[in-house]
Engineer: 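Below: one structure in structure tokens.
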Amino acid sequence: MLKDITLGQYYRTESPLHRLDPRVKIVATFAFIISLFLVKNFIGYLIAGLFLLICIRLSNVPVRFIFRGMKAIFFLLILTMVFNLFLTPGIVVFSFWKLQITKEGIKLALMMGIRLVFLITGSSLMTLTTTPNNLTDGLEKLLGPLKKIRVPVHEISMMMSIALRFIPILMEETDKIMKAQMARCADFESGSVINRAKNLIPLLVPLFISAFRRANDLAMAMEARCYRGGDGRTKMKPLIYQKRDFIAYLCILLYVVMVVVIGRLPV
Amino acid sequence: MSKMIQTDKLVFEYIRRDEEGNVEGITRAVDEVDLSVEPGQFIAILGHNGSGKSTLAKHFNALLYPTEGEVHVDGMLTEDEEHLWDIRQEAGMIFQNPDNQIIGQVVEEDVGFGPENMGVPTEEIWERVDESLRAVRMDKYRKASPNHLSGGQKQRVSIAGVIAMHPKCIIMDEPTAMLDPNGRREVIRAARGLNQVEGITIILITHYMEEVVDADKVFVMDRGRVVMEGTPRGIFKRVDELKALRLGVPQVTLLAHELRQAGLPIPDPILTRKELIDALKKLRAEGYML
């Protein structure tokens, strides 16, 4: 199950999309998501779909890899579609027992389905083509103006990248503790849900203690290396817009205008 | 030329408090330590667990401040707010657990972390990262994730991260305690190289006697005090005293010591395997039945 989630995973390859500034990709993803909610007809979705397809092509990420992530949300997708299908009032097309399918329902269900699929594909395309580090850097730069109203932007992005760095370490540790407790006859797999949750305590307590110890050590190591917050810090890999980034911004702008104008025409 | 590190009657006390915040007890972790380190030296501080050697080391980087007494790093008083960042830049620190001191998700980014904090311009950061990765021979792994490296390699990355800050002195707080023998050798070799090639002062804190053989000077600590001080040769002569401090001498030294007690006239002390072999050969030439 965990292996299937491609959301938030990075796919290492060379492509024009990989080379783009993370800020462009973040803005583009948001623009794309918003555009999906502004579209009112199927032609609009067609344009959005085409745009997405071009992006996938440009990203060099295998299509099968992108859609593997879809499995995780398949259930959610079906549920949303079914609810929309049966619970939208309007002209009844088909009915059995207490359930009615309306013309509006079919349309809405289809639209919701397409919207969800596009939304997930679009955002996973961003994470597939951007390293987590780049992503946090991009967010830090984009949200930079918020510093003026005392939002700790640098600290948040630092916390995010440290969290990302420690995920594999803590996973390994969980595995180790689990095995150590299993060797002492702890049972994580049988019993009722409540019992199983209770059995997790001998796993969580040592994990938390060790996480705090690590945090303490890391804080000390950071201080020893002159870390003193974001002020006066320089960047080893500063984000600087290139020509291609401006071209990308232009493409996104064109797409948004097109989709909003065409997609909102009454059918 | 001022001393790299100098402590005057340094005392540090941990104060234990109960839940209401009343003082329950005071533990003296460092007790009136006077020591001085000359620039360019390779110093080793030996001691059993709980002897106060790590607490002492944290004073050299202004991570802890003395309860009594003073610490000077390159002539700067550590309690002086104004010099705090200069001290941390000049006296780099390596810790025990390699995982808990690597911040970056890519090796080169971690090495760049220190210079970034110091506000070094971007181009110079890259130069510094290149040269420091080369100095510890980790340049092949610059794009790798730290999670895929061995313990010894991770520790060398940490050392590179400190070198990139251009320190005059590196304090290593048991850098080999969590490593296998191979990793231990890698780290010690890197430390020695930096000392000899770059002239960086190294203060190595350890409880492995084998690692201090080449040091210029050794301090042995017990219960917060410096109980022995001298060259490795001078220290290793006192095998029985070291044993009383629960510190094992290197195997060869111990073997030579036992042989000497059994009546063989072997010179004192023996630090390396080669010395012992030479001594034994000489004895055989002199007509001992070996």
Side-chain angles (χ1 to χ4, degrees), chain A residues 8-10 12-14 22 130-137 140 154-155 157-176 209-240, chain B residues 54 57-58 60-64 84-106 108-129 143 145-148 154 158 161-167 170-171 173:
Chain A
Q9 251 182 44
Y10 177 65
R12 194 181 294 273
T13 181
E14 263 300 306
T130 323
T131 59
N133 245 350
N134 246 326
L135 213 56
T136 47
D137 268 3
E140 185 183 345
H154 167 77
E155 283 75 8
S157 92
M158 190 52 131
M159 283 188 318
M160 271 166 66
S161 53
I162 289 174
L164 285 167
R165 147 110 180 88
F166 276 86
I167 286 171
I169 295 176
L170 289 179
M171 293 259 261
E172 208 175 287
E173 185 133 325
T174 314
D175 197 51
K176 236 187 251 168
I209 292 174
S210 119
F212 277 112
R213 194 168 294 145
R214 278 178 196 283
N216 196 14
D217 279 4
L218 187 76
M220 189 147 9
M222 285 169 74
E223 275 200 336
R225 283 165 78 183
C226 290
Y227 180 71
R228 57 197 120 163
D231 296 334
R233 227 170 160 255
T234 43
K235 284 264 173 199
M236 183 179 175
K237 297 174 178 169
L239 295 175
I240 298 160
Chain B
S54 288
K58 284 182 187 125
F60 300 158
N61 190 268
L63 288 170
L64 288 178
L84 177 64
W85 302 110
D86 295 329
I87 289 172
R88 293 207 174 143
Q89 181 255 314
E90 278 195 19
M93 188 126 183
I94 305 286
F95 298 88
Q96 192 182 93
N97 189 330
D99 276 324
N100 295 357
Q101 53 184 318
I102 294 181
I103 293 110
Q105 292 177 64
V106 184
E108 59 177 18
E109 279 173 23
D110 184 70
V111 177
F113 182 75
E116 278 183 335
N117 290 335
M118 287 157 53
V120 174
T122 303
E123 281 147 55
E124 203 191 321
I125 295 181
W126 282 94
E127 282 165 25
R128 286 184 180 207
V129 168
K143 299 275 180 206
S145 152
N147 295 325
H148 298 148
K154 278 185 220 172
S158 310
V162 168
I163 305 171
M165 295 168 69
H166 288 179
I170 301 179
I171 301 135
D173 187 1

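Proteins get letters first, then strands, A, B, ... in listed order; numbering begins at 1 in each.
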Engineer: What's the verdict on side-chain contact (heavy atoms from CB on, under 4.5 Å) for Asp110(B) and Arg225(A), showing C-alpha distance, side-chain angles and the deciding distance?
Structural biologist: CA-CA 11 Å; Asp110(B) 184 70; Arg225(A) 283 165 78 183; 3.6 Å; yes
Engineer: Got Arg165(A) and Asp99(B) here, is their nearest side-chain heavy-atom distance under 4.5 Å?
Structural biologist: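 Arg165(A) vs Asp99(B): side chains touch.
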Engineer: Counting N and O atoms only, with roles assigned by atom type, does the side chain of Thr234(A) sit under 3.5 Å from a partner on the main chain of Val120(B), one being a donor and the other an acceptor?
Structural biologist: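 Yes; judged by distance alone, with no hydrogens or angles, the pair exists.
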Engineer: Would you mind checking which part of Ile94(B) comes under 4.5 Å of any heavy atom in chain A, side chain (CB onward), backbone (N, CA, C, O), both or neither?
Structural biologist: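 Neither; nothing under 4.5 Å.
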Engineer: Which atoms of Pro115(B) are under 4.5 Å from chain A, going by heavy atoms: the side chain, the backbone, both sets, or neither?
Structural biologist: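 Just its backbone gets close to chain A.
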Engineer: Checking heavy atoms, do the side chain of Ile103(B), its backbone, both or neither come under 4.5 Å from chain A?
Structural biologist: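 For Ile103(B), the contact with chain A is made by backbone and side chain together.
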Engineer: Under the side-chain contact (heavy atoms from CB on, under 4.5 Å) rule, what do Ile125(B) and Lys237(A) come out as? Steps first, then yes or no, please.
Structural biologist: CA-CA 9 Å; Ile125(B) 295 181; Lys237(A) 297 174 178 169; over 6 Å; no
Engineer: Does the side chain of Met236(A) come within less than 4.5 Å of Glu108(B)'s, by heavy atoms?
Structural biologist: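 The answer is yes; the side chains approach within 4.5 Å.
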Engineer: Name the member of Ile169(A), Thr131(A), Ile162(A), Asn216(A) that forms the most heavy-atom pairs with chain B at distances under 4.5 Å.
Structural biologist: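 Highest number of pairs under 4.5 Å: Ile169(A).
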Engineer: With respect to chain A, which residue among Pro121(B), Gly161(B), Ala164(B), Gly112(B) yields the maximal number of heavy-atom pairs within a distance under 4.5 Å?
Structural biologist: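 That would be Gly161(B).
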Engineer: Would you say that more than 12 heavy atoms from the other residues, nucleotides or ligands in this model lie under 6.0 Å from the CD of Glu172(A), or not?
Structural biologist: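 Open.
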Engineer: Please state whether the side chain, the backbone, both or neither of Phe113(B) comes within less than 4.5 Å of a heavy atom of chain A.
Structural biologist: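 Contact with chain A is through both the backbone and side chain of Phe113(B).
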Engineer: With rounding to the nearest 0.5 angstrom, report the CG to CD distance, Asn133(A) to Glu109(B).
Structural biologist: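 Nearest 0.5 Å value for the CG-CD distance: 4.5 Å.
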Engineer: Measure distances from Asn97(B) to the heavy atoms of chain A and classify the residue's part below 4.5 Å as side chain, backbone, both or neither.
Structural biologist: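 The side chain, not the backbone.
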Engineer: Ala224(A) and Met165(B): which non-hydrogen atoms are nearest, and at how many Å?
Structural biologist: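 Taking Ala224(A) first and Met165(B) second, the nearest heavy atoms are O-CE, 4.3 Å.
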Engineer: Considering heavy atoms only, which positions within residues 84-92 of chain B lie below 4.5 Å of chain A?
Structural biologist: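 Counting heavy atoms that sit under 4.5 Å from chain A, the residues of residues 84-92 of chain B involved are Trp85(B), Arg88(B), Gln89(B).
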Engineer: With a 4.5 Å cut-off on heavy-atom pairs, point out which of Arg228(A), Arg214(A), Lys235(A) contacts chain B the most.
Structural biologist: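 If we count pairs closer than 4.5 Å to chain B, Arg228(A) comes out on top.
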Engineer: So, do Asn147(B) and Phe166(A) sit near enough that their side-chain heavy atoms are less than 4.5 Å apart?
Structural biologist: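 Side-chain contact under 4.5 Å: no.
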Engineer: Could you check Asp217(A) against Gln96(B) for side-chain contact (heavy atoms from CB on, under 4.5 Å), going step by step and ending with a plain yes or no?
Structural biologist: CA-CA 9 Å; Asp217(A) 279 4; Gln96(B) 192 182 93; over 6 Å; no
